[in-house]
Structure formats: structure tokens, C-alpha cells
Amino acid sequence: MPRSEARVATDRPQRYAKQLASHLGRRSETSWDEATGEGRIVFQGGTGTLTAVEGALLLSVEADAERLALFEDVVGRHLVRFGAKDELVVEWRRDSGEPGTTQRKGDEPDAAHRPD
């Protein structure tokens, strides 16, 4: 299954990962382990992981090729929204070597058109 990864520089990786898992848990199955700094997201048709490390939050998503960009966008867009004050930027890199999508403050689509 195609995979995409992003390394998001932040001084608060655990906080953002926990918030992301909690928020996405409204529509997907999620878990967050404070002790290990790792979490998981189970989407319909794919999975994601969250890993808090010193100075960064590591993200990954796996899905079929048709949904990979959608899952990159969902995870990245929500994280950017939570981290707007810190101006987080999420740049995905796919395991095929090609660049994935990028999410940053100010790039959000009109709220009426978001596929939350």
C-alpha cells in the first residue's frame, strides 16, 4: 500500500499529536499513548501514525493511491489549524520518491468545501 510521511518541526509534538488523535477520533478510530509518544489513526480505507520526537512530530499515512492525497490533506490540514499560532507546515513525501501535498497556514479551502 502506498505510504507518505512528513516531519513537522515543533517544540510541542506530544501536545499536537494528542490533540490530533482526539479530534480525528470523532470520525475514525484513534489511539494515543502518552508514555511512548505514539499514536494511530484508522481511517476507512487507510491508516496513519503519529510519533512525537524531540523537536518534531512524525506523521505517516498509508492508503490506496487514490486516497493517499486525501489522507495527507485531512491529517495535515487539521494539524496546521491546531498549530496556526506556531505556523506549522506539513510537507508530505511519498515512498515512491515523489512529493506529496503540502499544508500551511492560509492554504485552507473555504469551510463550505472542506471534506471533513
Side-chain angles (χ1 to χ4, degrees):
M1 193 174 280
R3 178 181 176 94
S4 190
E5 297 179 341
R7 179 182 183 90
V8 182
T10 176
D11 292 335
R12 301 184 282 183
Q14 291 220 215
R15 176 185 178 271
Y16 287 128
K18 181 179 179 179
Q19 187 176 10
L20 192 57
S22 176
H23 181 76
L24 293 177
R26 296 176 187 171
R27 294 192 177 193
S28 302
E29 179 185 331
T30 64
S31 63
W32 174 249
D33 185 327
E34 195 76 36
T36 64
E38 296 180 354
R40 183 168 169 79
I41 306 164
V42 179
F43 296 108
Q44 188 171 10
T47 60
T49 62
L50 313 166
T51 307
V53 298
E54 183 70 33
L57 176 56
L58 308 179
L59 307 171
S60 72
V61 291
E62 286 187 26
D64 57 42
E66 295 79 33
R67 291 187 182 171
L68 194 59
L70 172 65
F71 293 149
E72 289 172 351
D73 184 63
V74 167
V75 173
R77 185 170 28 87
H78 283 89
L79 181 59
V80 166
R81 192 177 327 147
F82 299 147
K85 185 177 173 182
D86 293 335
E87 297 190 17
L88 301 181
V89 176
V90 183
E91 293 181 278
W92 295 94
R93 181 61 106 196
R94 298 187 180 155
D95 62 359
S96 63
E98 68 186 87
T101 62
T102 299
Q103 294 79 36
R104 62 174 41 94
K105 185 176 177 179
D107 287 350
E108 286 202 21
D110 179 351
H113 296 97
R114 283 191 301 217
D116 267 6

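Throughout, residue positions are numbered sequentially from 1 according to the sequence presented. Nothing here was measured: the structure is a model prediction, and the numbers come from that model.
Closest of all the heavy-atom pairs between S28 and V42 is CB-O, 3.3 Å. The two residues R7 and L58 make their nearest non-hydrogen contact at NH1-CD2, 3.4 Å. Considering all non-hydrogen atoms of both residues, A17 and L57 come closest at CB-CD1, 3.6 Å. Closest approach of A63 and L68 over heavy atoms only: N-CD1, 4.0 Å. Shortest non-hydrogen contact noted between S31 and A21 is O-CB, 4.1 Å. Nearest heavy atoms, V75 versus I41: CG2-CD1, 4.3 Å.
In this structure, the side chains of T49 and E38 stay at 4.5 Å or more apart for every pair of heavy atoms. At a threshold of 4.5 Å between non-hydrogen side-chain atoms, the residues Y16 and V8 do not count as touching. In this structure, R94 and P99 have side chains that are not in contact, with every pair of non-hydrogen atoms separated by 4.5 Å or more.
The CD atom of Q19 sits 9.5 Å away from the CZ atom of R12 when rounded to the nearest 0.5 Å. The CH2 atom of W92 lies 4.5 Å from the CG atom of L59; values are rounded to the nearest 0.5 Å. To the nearest 0.5 Å, the span separating OG1 on T51 from CD on Q14 amounts to 10.5 Å. Here the straight-line distance linking atom CG of D73 with atom NE2 of H78 works out to 9.0 Å at 0.5 Å rounding. One finds the CD atom of E5 at 11.0 Å from the CD atom of E72 (value rounded to the nearest 0.5 Å). With values rounded to the nearest 0.5 angstrom, D11 atom CG is found 7.5 Å from D86 atom CG.
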Full working for side chain to side chain contact (heavy atoms under 4.5 Å, CB included) between E34 and W32: CA-CA 6 Å; E34 195 76 36; W32 174 249; 3.2 Å; yes
As a quick check of understanding, evaluate side chain to side chain donor-acceptor pair (under 3.5 Å) for E62 and S60, giving each step before the final call. CA-CA 7 Å; E62 286 187 26; S60 72; 5.8 Å; no
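V61 and F82 fall within a single hydrophobic cluster, where Ile, Leu, Val, Met, Phe, Trp and Tyr side chains are chained together by heavy-atom contacts under 4.5 Å. The cluster map of Ile, Leu, Val, Met, Phe, Trp and Tyr, joined by side-chain heavy atoms under 4.5 Å apart, puts L70 and L24 in the same cluster.
The number of heavy atoms from other shown groups lying within 6.0 Å of CD (E98) is above 12.
Here the side chain of Q103 pairs no donor or acceptor atom with the backbone of V80 at under 3.5 angstrom. The backbone N or O of Q44 sits less than 3.5 Å from a side-chain atom of R67, completing a donor-acceptor pair.
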